[in-house]
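To start, the structure under review is shown below, and the notes come after it.
Just so we're on the same page: letters track the sequence lines, and every chain starts at 1. Side chains are part of it too, since the values below use all heavy atoms of this structure and drop only hydrogens, waters and symmetry mates.
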There are 2 protein chains.
Amino acid sequence: MALKHILLIVIGRRPSSGYDIVKDFKEVLGFFWHAGHQQIYRELGKLDAHGLVRHTTVPQDDRPDKKVYRITDQGWEELRAWLRSPTQIRTVNDEILVKVYAGELLGCEALRRELEQDRDRHAEQLRVYREIEATYFSTPTDKEAGIFDHLVRIALRKGILSEQAWLQWTEESIATLDRLEFRP
Amino acid sequence: MALKHILLIVIGRRPSSGYDIVKDFKEVLGFFWHAGHQQIYRELGKLDAHGLVRHTTVPQDDRPDKKVYRITDQGWEELRAWLRSPTQIRTVNDEILVKVYAGELLGCEALRRELEQDRDRHAEQLRVYREIEATYFSTPTDKEAGIFDHLVRIALRKGILSEQAWLQWTEESIATLDRLEFRP
DNA sequence: TATCTCATGTAAGTGGTTACATGATTGC
DNA sequence: GCAATCATGTAACCACTTACATGAGATA
């Protein structure tokens, strides 16, 4: 139920076209949520149909026309209601755990390889997050930074701590497997 | 795409009714994946229709009849193919981060309250996981334990490490907010 | 008398992915 | 000449949730 409200937040902050929002999701907004362009356009269409946003078509020179969406009073109301409502928690559901569950079928070596791959992917993601942190947030106690920068930093910290935990788990689990040595 | 394969793993290990599997999901299997009974019955129906499992109706005294599912050769083949295929990674998409993103609209106090609630939920989940670890896996280097017990323990460790990271993040973020103090 | 367990499902809706589709302009 | 960027979408499918539905026997 959150994509709808992210769009309201984004459009509420600043009127945007679908494409603008697609770009936002590829940048900082991506720390908070992931969504593809098809989903975004479909959801914008629905919000428009329900009167939570409305669009004006803006013609451009040398570029395709674009639809610029603006939030309506009804949209603000919906957003405020959502912000006040209880936050949903996520379920687990990670495929790597299913492969662990199938460990007896996979065998020790194959499972080890899966975990190594997982470890490498999370190590790479952690490296990326740390690089971003170092580049954009070099002075952690910067009094000049706006509220929004601090909020982005909080999200980034979530990414870093999660990836660290994943990494630790994969390393621990590989070590456990090495002590076990079983065949499929 | 994993539920289908979890069902094949479970049924492959031991022929089961839908209800048996529902119970499994409420116990250890729940560490690996979450699914409701509706999803399970529907998916079993599809697997049956596609010939990956087949069922026999078993009448019972004083209880409703049950359908016991068995994996077919085609089912085994599908499962082996999936186990060999690359593991998918999950996207982020947690509502609490969206509320952080909307921090300026929520205001410092309200956001703080959300984070506190999140912290408490994760603290409780961590407590539960640790209790299970202490109860069922009191002797960590138990040579008597089967492979499956070790695999369950690996999954449980994933839960513990994740919850610890979450907890650390919420505490850090609350501390950050306390240094900021902004209004909606 | 009421709730829990056993045992099965349907129906409707939301959310998300994959693939397909178009077409001009800008930069290497 | 080829890829990327700008800008929009449709169609089909898969995954998951919420609500509704039935009915017998066991336990408190």
Check this for me: does any side-chain nitrogen of one of [X] and [Y] sit under 4.0 Å from a carboxylate oxygen of the other?
X        : Y        : result
B:Arg80  : B:Glu77  : no
B:Arg14  : B:Asp24  : yes
A:Arg113 : A:Glu109 : no

Check each of B:Leu115, B:Ile174, B:Val100 against A:Ile154 using the side chain to side chain contact (heavy atoms under 4.5 Å, CB included) test, and report the only one that passes. B:Val100
At under 4.0 Å, does any side-chain N or O of B:Lys67 touch on OP1 or OP2 of C:dG9? yes
Distance check needed: [N] [atom2] versus [X] [atom1], whole Å only.
X       : N      : atom1 : atom2 : value
A:His55 : D:dG9  : NE2   : P     : 8 Å
A:Trp82 : C:dT14 : CH2   : C1'   : 16 Å
B:Arg63 : C:dT8  : CZ    : P     : 12 Å
B:Gln88 : C:dG16 : CD    : P     : 16 Å
A:His37 : C:dG16 : NE2   : C1'   : 13 Å
A:Glu27 : D:dT5  : CD    : P     : 12 Å
B:Lys66 : C:dG9  : NZ    : C1'   : 17 Å
A:Gln60 : C:dT26 : CD    : C1'   : 15 Å

Touch check for A:Gly18, heavy atoms < 4.0 angstrom, all strands: base, sugar-phosphate only, or nothing? sugar-phosphate
For A:Asp20, answer base if it contacts any base atom (sugar-phosphate contacts may also be present), sugar-phosphate if it contacts only those atoms, and nothing otherwise; contact means non-hydrogen atoms under 4.0 Å. nothing
Hey, can you pull the residues of residues 38-46 of chain A with a non-hydrogen atom under 4.0 angstrom from DNA chain C? A:Gln38, A:Gln39, A:Arg42
Go nucleotide by nucleotide along DNA chain C from the 5' end; which of A:Pro64 and B:Asp65 gets its closest nucleotide reached first? B:Asp65
Determine the interplanar angle of the B:Phe148 and A:Tyr101 rings, folded into 0 to 90°, and report it as parallel if under 30°, tilted if 30 to 60°, perpendicular if over 60°. perpendicular
Please state whether the rings of B:His55 and B:Tyr69 are parallel, tilted or perpendicular, taking 30° and 60° as the class boundaries. tilted
From A:His122 atom NE2 to A:Glu171 atom CD, the distance as rounded to the nearest 0.5 Å: 12.0 Å
Residue pair A:Phe32 / A:Val152, side-chain heavy-atom distance below 4.5 Å: yes
Non-hydrogen side-chain atoms of A:Arg130 and A:Gln164 separated by less than 4.5 Å: yes
Picking from [options], which would you name as closest to the side chain of [X]?
X       : options               : result
B:Asn93 : C:dG16, D:dT17, D:dT8 : C:dG16
A:Leu3  : C:dG16, C:dG9, D:dC16 : C:dG16
B:Ser17 : C:dT8, C:dT17, D:dC6  : C:dT8

Name the pairs: protein N/O against N/O of nucleotides 2-4 of chain C, kept only if under 3.5 Å.
none

Could you walk me through whether A:Lys99 and A:Glu95 pass the salt bridge (Lys or Arg N to Asp or Glu O under 4.0 Å) test, one step at a time? CA-CA 7 Å; A:Lys99 295 220 174 167; A:Glu95 282 198 6; 5.6 Å; no
